[in-house]
Number of protein chains: 2
Amino acid sequence: MNGQYKAFWIDNNGFVEVIDQTKLPFLEETIVLKNADDAIRAIKDMIVRGAGVIGNIGALGVYLAVKENQDLKYIVKKIKQIRESRPTAVNLMWAVDLMLEKILNANKNDDLLELSFAQAIKICDEDSKRSTLIAKYGCDVLEKIMKEKGKTSINVLTHCNAGWLAIVDDGSALAPIYEAKRRGIEIHVYVDETRPRNQGANLTAWELSKDEINHTIIPDNTGGYLMQQGLVDVCIVGADRVSANGDVANKIGTYLKALAAYDNNIPFYVAIPEGTLDFEIKDGVKDIPIETRSEDEVKYIKGLNKQGIVEEVLITLKDSKAVNYGFDITPARLVTALITEKGLCKTNEKSIKEKFKQ
Amino acid sequence: MNGQYKAFWIDNNGFVEVIDQTKLPFLEETIVLKNADDAIRAIKDMIVRGAGVIGNIGALGVYLAVKENQDLKYIVKKIKQIRESRPTAVNLMWAVDLMLEKILNANKNDDLLELSFAQAIKICDEDSKRSTLIAKYGCDVLEKIMKEKGKTSINVLTHCNAGWLAIVDDGSALAPIYEAKRRGIEIHVYVDETRPRNQGANLTAWELSKDEINHTIIPDNTGGYLMQQGLVDVCIVGADRVSANGDVANKIGTYLKALAAYDNNIPFYVAIPEGTLDFEIKDGVKDIPIETRSEDEVKYIKGLNKQGIVEEVLITLKDSKAVNYGFDITPARLVTALITEKGLCKTNEKSIKEKFKQ
């Protein structure tokens, strides 16, 4: 982890300090996670979110469990709870399982605390390296699109947040955008607000403003019109899980943007580290489990009132019923390619297998 | 006008009283429009909205201008201003032009006030009759779908608001739903919240709750997933303008739902009265003008705070840029058929011409 901005870090007491992402962009507050339960709550309540960071905090949560109590029974119980704190993110399962494996395979003389800390940090550092490679390969794609169109600037549309708040250090979907800035490319980003939790308006816009990258927030309804009018050159999103056949589980609404991109011949890329691939699932549309969240996330919204205080307001009738699915599945046929740390990969079983299962 | 619920009516002083739709669903308040400028402001500020009602209030606004001042120059000036108060709604132009024609063709002995009032009411009454026919033909469609699927209940998805707040008395898109209730059909409606102004969550959900019709509010991002999962039997939306070739201008985001419906073989109907057709425009995708509205509609949102007071909160960074297009165009190829007062009509130039230009 060596980027300028970070979603979490280790504090002087060896605890895990995280930016409270539920407070952004209004308040920049941090929370210290002192034990596994704190980590579970942080993941469940979306104090931290984003496929990569969920995995990182999962791994660090295992380390915090070891820090609390080195009894193996206790650690395994907590690992199970951490694993179940968010159902859709495959990185979480992957990271936590890796921690479990290391702990179960430890030698008698190993210091479990040291070992679990080293393994968790290794997971984070490897994510960081992947993110740097995704930035590079993704930015090459942007340069290619500009060259083909004979343009000196580029308009990107993204959905939800897949920046450094989601994956250390550059993120996934935003990584090519940060790299474009470093390469001096003139870039503008259309940011889907991403209802109901508004991770686009709250997190992506905040991240981009930190880095002074030109961007415009749009209602989730707007992307189709922009694409019809030729105002978007490329879409890049992240993912929470990609099945063996290339179907993409990502924030609810991603599928609609992929349909619009396809309908308007606009390339639609999904930027992910390898850990997001789930080879167990052959048919993503049918078999990736989709998280249902509280209807209150639809019915209430947080904002700054006239007094400058963060306030939650009810935006429907009190008795209205709402439904809140966290993700949808974008079928592989609508995705131009995956952007991964191993380069681009077409979204079909053969290509994915060849690239990642060697 | 004879339905149970109304968006506006004539008060005892001959003024026009309207439900303030910007306050719904939190406050049920009315405003009295006393002159043409009041009517213009009501249309511009979306105190009244919806293709039909905008046309009605446009016509009644002309009547209010006559009530103020019978000087023809004054009336024509106000008619021009009313005509320009919302750019996308073709019903407004149509209704106002009809009023102008009647006034210009009046005989010397005609009472201009009486004549303009009668003409405006006639426009409203004709809308009401059309709405009743749209309800009938649309509900026949619902029954046909249920029969084909062998189902005893039906799930409809709608976007924005095209109920009686938009068109007297049953609306357009909601008309078949109200008729279904009258016919005793078990119906459930998925209501897109319709960002940025949330006409679905605020108006459609409120209308449906008044009539005790089972419904669920969903973020605009959700419809694609519901359709993937087979949870939607049919989509019905209204429109602000339909071109001669059947392209549909409706609330921003409609196009995305039409794409998802098409991708999942779900019928997608557009319910409109004939006045919504614009034969001057041959290619809707290219030529229907799209209204750009204030970015503050994206950045601020109204809701009830904990004290039960309606409050506006800022939901982005203060300095964030946002863009707010009011409508998008759904290409004719994605629309199953128009539901009109003359029955169903395929969305192609030939069918539209045959049905409406005889």
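Residue numbers begin at 1 in each chain, while the letters A, B, ... track the order of the sequences.
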**Request:** Check Val298(B) against Pro219(A) and note the closest heavy-atom contact, atom names and distance.
**Result:** CG2-CG, 3.8 Å
**Message:** What part of Leu231(A) gets within 4.5 angstrom of chain B, counting heavy atoms only: side chain, backbone, both, or neither?
**Reply:** side chain
**Request:** Could you tell me which of Val285(B), Val191(B), Leu226(B), Ile290(B) has the largest number of non-hydrogen atom pairs under 4.5 Å with chain A?
**Result:** Ile290(B)
**Option in Gly223(A), Ala201(A), Gly224(A), Ala205(A) with maximal non-hydrogen atom pairs under 4.5 Å from chain B** =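 Counting heavy-atom pairs under 4.5 Å, the top option is Gly224(A).
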**Message:** Under a 4.5 Å cutoff for heavy-atom pairs, which residue among Val323(A), Ile218(A), Val310(A), Ile301(A) has the most contacts with chain B?
**Reply:** Val323(A)
Pairs of donor and acceptor atoms, chain B with chain A, under 3.5 Å:
from: Glu193(B); atom 1: OE1; to: Arg195(A); atom 2: NH2; distance (Å): 2.7
from: Glu193(B); atom 1: OE2; to: Arg195(A); atom 2: NE; distance (Å): 2.6
from: Glu193(B); atom 1: OE2; to: Arg195(A); atom 2: NH2; distance (Å): 3.3
from: Arg195(B); atom 1: O; to: Asn221(A); atom 2: ND2; distance (Å): 2.9
from: Arg195(B); atom 1: NE; to: Glu193(A); atom 2: OE2; distance (Å): 2.6
from: Arg195(B); atom 1: NH2; to: Glu193(A); atom 2: OE1; distance (Å): 2.7
from: Arg195(B); atom 1: NH2; to: Glu193(A); atom 2: OE2; distance (Å): 3.3
from: Ile217(B); atom 1: N; to: Lys321(A); atom 2: O; distance (Å): 2.8
from: Ile217(B); atom 1: O; to: Val323(A); atom 2: N; distance (Å): 3.1
from: Asp220(B); atom 1: OD2; to: Asn221(A); atom 2: ND2; distance (Å): 3.1
from: Asn221(B); atom 1: O; to: Gly253(A); atom 2: N; distance (Å): 3.3
from: Asn221(B); atom 1: ND2; to: Arg195(A); atom 2: O; distance (Å): 2.9
from: Asn221(B); atom 1: ND2; to: Asp220(A); atom 2: OD2; distance (Å): 3.1
from: Gln228(B); atom 1: NE2; to: Ile329(A); atom 2: O; distance (Å): 2.4
from: Gly253(B); atom 1: N; to: Asn221(A); atom 2: O; distance (Å): 3.3
from: Tyr255(B); atom 1: OH; to: Asp263(A); atom 2: OD2; distance (Å): 2.7
from: Tyr255(B); atom 1: OH; to: Asn264(A); atom 2: ND2; distance (Å): 2.9
from: Asp263(B); atom 1: OD1; to: Arg333(A); atom 2: NH1; distance (Å): 2.9
from: Asp263(B); atom 1: OD2; to: Tyr255(A); atom 2: OH; distance (Å): 2.7
from: Asp263(B); atom 1: OD2; to: Arg333(A); atom 2: NH1; distance (Å): 3.4
from: Asp263(B); atom 1: OD2; to: Arg333(A); atom 2: NH2; distance (Å): 3.0
from: Asn264(B); atom 1: ND2; to: Tyr255(A); atom 2: OH; distance (Å): 2.9
from: Leu304(B); atom 1: N; to: Leu314(A); atom 2: O; distance (Å): 2.8
from: Leu304(B); atom 1: O; to: Leu314(A); atom 2: N; distance (Å): 2.9
from: Leu314(B); atom 1: N; to: Leu304(A); atom 2: O; distance (Å): 2.9
from: Leu314(B); atom 1: O; to: Leu304(A); atom 2: N; distance (Å): 2.9
from: Lys321(B); atom 1: O; to: Ile217(A); atom 2: N; distance (Å): 2.8
from: Val323(B); atom 1: N; to: Ile217(A); atom 2: O; distance (Å): 3.1
from: Ile329(B); atom 1: O; to: Gln228(A); atom 2: NE2; distance (Å): 2.4
from: Arg333(B); atom 1: NH1; to: Asp263(A); atom 2: OD1; distance (Å): 2.9
from: Arg333(B); atom 1: NH1; to: Asp263(A); atom 2: OD2; distance (Å): 3.4
from: Arg333(B); atom 1: NH2; to: Asp263(A); atom 2: OD2; distance (Å): 3.1

